[in-house]
Amino acid sequence: MLQAGLYEQLINRAIRQELGTIAEERQAKADVAPAEAPRVLTDYVSAVLKRELDRLLKQGRSLDEQVELVNAIVELIRGSTKDPDASEASGMDVEPPPQQLLALLAANDPRLAISQTARNLPRPETSLARSSLFTGARQEPPMFTELKKEIASAERIDLLVSFIRFSGLRLLLPELEEFTKGGGRLRVITTSYMGATDLKSVETLAALSGTELRVSYDTKRTRLHAKAYMFYRKTGFHTAYVGSSNLTNPAISSGLEWNLKLTAQDQPDTLDKIASAFDSYWETEEFELYTNTQEQKERLRQALEAERHTTIGGPRPLFFDVRPYPYQQEILDRLRLEREVRGYWKNLVVAATGTGKTVISALDYRGFCRSHPGEPCRLLFVAHREEILRQSLQTFQGVLRDPNFGDLMVGGARPQRADHLFLS
């Protein structure tokens, strides 16, 4: 029985009979457009055939009987063609037992000379013919291992990622180097948005043979946030990963990121749209060709630095009044005592995680500056992770009420000044 709600259902005889009992004002129907008819009718026949094959399987019928049903449909198509010269349906019968072709090597493939066969070709664990979803779950293959195998089996690759970090690029770099050395064509589109891309990763990609790279510097109008990895093959078994993963280590290895793997076999229209959208971005003036000239390196470095500064201190200024907790005040007083009374300028503060060591250091520096007016008051802040450095810089900017305080020297960030440096 038909339920009230939205549909996109081809009307068959059974549905039309039921609609005949329903008032016309309760129905909304539309003719199938001629251009859409092949897709709509194919989807319908596919669903009917799958339902019947599932029924045969549940009844315990043999695999040969399923093949016979498929061949009967092929024979019907062959006999129904109006073109006397049509031969497309000939040779389409499935011979039992049904098998799938998984790979084919060229007769002159050099791997044959070292006793490798088509069975040795790397291939993704997930299907090349059916779409699938990656959610970062433990039972799934890590996305980067699938990408490595996609790279190894592709002839052309397009990458569209907002952020590229070398920590993520290095997971795929051996395969990309092998791919480009072997004549594969690689195109990459990225941005300077938020300063999240590091210069080293862009330089490394641009240095690969057969690689073209375009960068968006205009982050005010063009805030590209798409993430897509596209792999094209001469066999027509193209694939694309579209979702939330930028080219960073956590995003493609351990993060709870969602990415949909699409295939040209079951989503041809979507793959075509992805390819067209990428080409349109590639041709627009907002994405500029990047080469490893010194001028372009400097331009990108400045753009990334400007974005990082804007992201940290511009739109979201972190100005606040900080009153230290009693135990923090005791530490600050003892530091002042060691310096001003005892003359000890090398001091060590040990405190548990979460007790506010960064805040203590920012307050201590602020007090030091106030007691030494007109002096340089230089600062060196060292930590082992970039995230810690960025958070610490924000804390100092907030405590000191100065959105321009400090410079980062980590990853691709290169400081313009060295007076107040946060580095790894």
Side chain to side chain contact (heavy atoms under 4.5 Å, CB included) test vs Thr190 passes for just one of Asn246, Ile164, Leu247, Leu205, namely Ile164
Cation over ring, Arg156 on Phe231, under 6.0 Å and within 45°?
-> no
I want to check something: taking the side chain as every heavy atom from C-beta on, are [X] and [Y] in contact at a cut-off of under 4.5 Å?
{"X": "Ser361", "Y": "Phe396", "value": "yes"}
{"X": "Val359", "Y": "Thr395", "value": "yes"}
{"X": "Leu128", "Y": "Gln265", "value": "no"}
{"X": "Val410", "Y": "Phe422", "value": "no"}
{"X": "Tyr290", "Y": "Val202", "value": "yes"}
{"X": "Ser424", "Y": "Glu386", "value": "no"}
{"X": "Leu121", "Y": "Gln116", "value": "no"}

Looking only at heavy atoms, what is the nearest atom pair of [X] and [Y], with distance?
{"X": "Leu271", "Y": "Ala240", "result": "CD1-CB, 3.8 Å"}
{"X": "Leu133", "Y": "Glu140", "result": "O-OE2, 3.5 Å"}
{"X": "Pro96", "Y": "Val67", "result": "CD-CG1, 4.4 Å"}
{"X": "Gln27", "Y": "Ile22", "result": "NE2-O, 2.8 Å"}
{"X": "Met230", "Y": "Ile274", "result": "SD-CG2, 3.2 Å"}
{"X": "Arg233", "Y": "Ser153", "result": "NH2-OG, 2.9 Å"}

Run through Phe144, Trp258, Tyr241 and flag the one making a ring pair (Phe, Tyr, Trp, His ring centres under 6.0 Å) with Phe134.
-> Tyr241
For the pair [X] and [Y], find out whether any cationic side-chain nitrogen is under 4.0 Å from an anionic carboxylate oxygen.
{"X": "Arg390", "Y": "Glu387", "answer": "no"}
{"X": "Asp364", "Y": "Lys357", "answer": "no"}
{"X": "Glu283", "Y": "Arg214", "answer": "no"}
{"X": "Lys200", "Y": "Asp198", "answer": "no"}
{"X": "Lys227", "Y": "Glu257", "answer": "no"}

Go through Lys50 and Asp54 one step at a time and tell me if the salt bridge (Lys or Arg N to Asp or Glu O under 4.0 Å) criterion holds.
-> CA-CA 6 Å; Lys50 184 178 185 306; Asp54 285 340; 2.9 Å; yes
Tell me whether [X] at atom [atom1] has more than 12 heavy atoms from other residues, nucleotides or ligands lying less than 6.0 Å away.
{"X": "Glu75", "atom1": "CD", "result": "yes"}
{"X": "Arg385", "atom1": "CZ", "result": "no"}
{"X": "Arg130", "atom1": "CZ", "result": "no"}

Taking atom types as modelled, is there a side-chain donor on [X] or [Y] under 3.5 Å from an acceptor on the other?
{"X": "Glu150", "Y": "Thr239", "result": "yes"}
{"X": "Tyr365", "Y": "His420", "result": "yes"}
{"X": "Gln302", "Y": "Glu298", "result": "yes"}
{"X": "Gln9", "Y": "Tyr44", "result": "no"}
{"X": "Lys261", "Y": "Thr126", "result": "yes"}

What is the distance from atom CG of Asp158 to atom NE2 of His238, rounded to the nearest 0.5 Å?
->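 Asp158 CG to His238 NE2: 11.0 Å, rounded to 0.5 Å.
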Measuring from Thr197:OG1 to Phe166:CZ, what's the distance to the nearest 0.5 Å?
-> 14.0 Å
Any sub-3.5 Å donor-acceptor pair from Glu203's side-chain atoms to Asn292's backbone N or O?
->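 The answer is no, because no donor-acceptor pair under 3.5 Å joins these two groups.
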Is the backbone of Asp272 close enough, under 3.5 Å, to the side chain of Ser276 for a donor and an acceptor to pair up by distance?
-> yes
Under the side-chain contact (heavy atoms from CB on, under 4.5 Å) test, residues paired with [X] that sit two or more places apart:
{"X": "Ser131", "result": "Leu262, Thr263, Asp266, Gln267"}
{"X": "Arg51", "result": "Val48"}
{"X": "Thr293", "result": "Thr291, Glu295, Gln296"}

Set of side chain to side chain donor-acceptor pair (under 3.5 Å) partners for Ser132, sequence neighbours left out = none
For Arg185, enumerate each residue passing the salt bridge (charged side-chain N to carboxylate O under 4.0 Å, His left out) test, keeping only those at least two apart in sequence or located in another chain.
->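 For Arg185, the residues satisfying salt bridge (charged side-chain N to carboxylate O under 4.0 Å, His left out) (neighbours in sequence not counted) are Glu212.
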Mind checking salt bridge (charged side-chain N to carboxylate O under 4.0 Å, His left out) for Arg414 and listing every partner two or more places apart, or none if nothing turns up?
->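 For Arg414 there are no salt bridge (charged side-chain N to carboxylate O under 4.0 Å, His left out) partners, ignoring immediate neighbours.
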Given Arg366 and Leu400, is the side chain to side chain contact (heavy atoms under 4.5 Å, CB included) satisfied, shown in steps?
-> CA-CA 7 Å; Arg366 185 178 70 179; Leu400 299 172; 3.7 Å; yes
Start with the C-alpha distance between Lys234 and Glu155, add both sets of side-chain angles, then the distance that settles salt bridge (Lys or Arg N to Asp or Glu O under 4.0 Å), and finish with yes or no.
-> CA-CA 7 Å; Lys234 294 177 182 177; Glu155 278 86 36; 5.5 Å; no
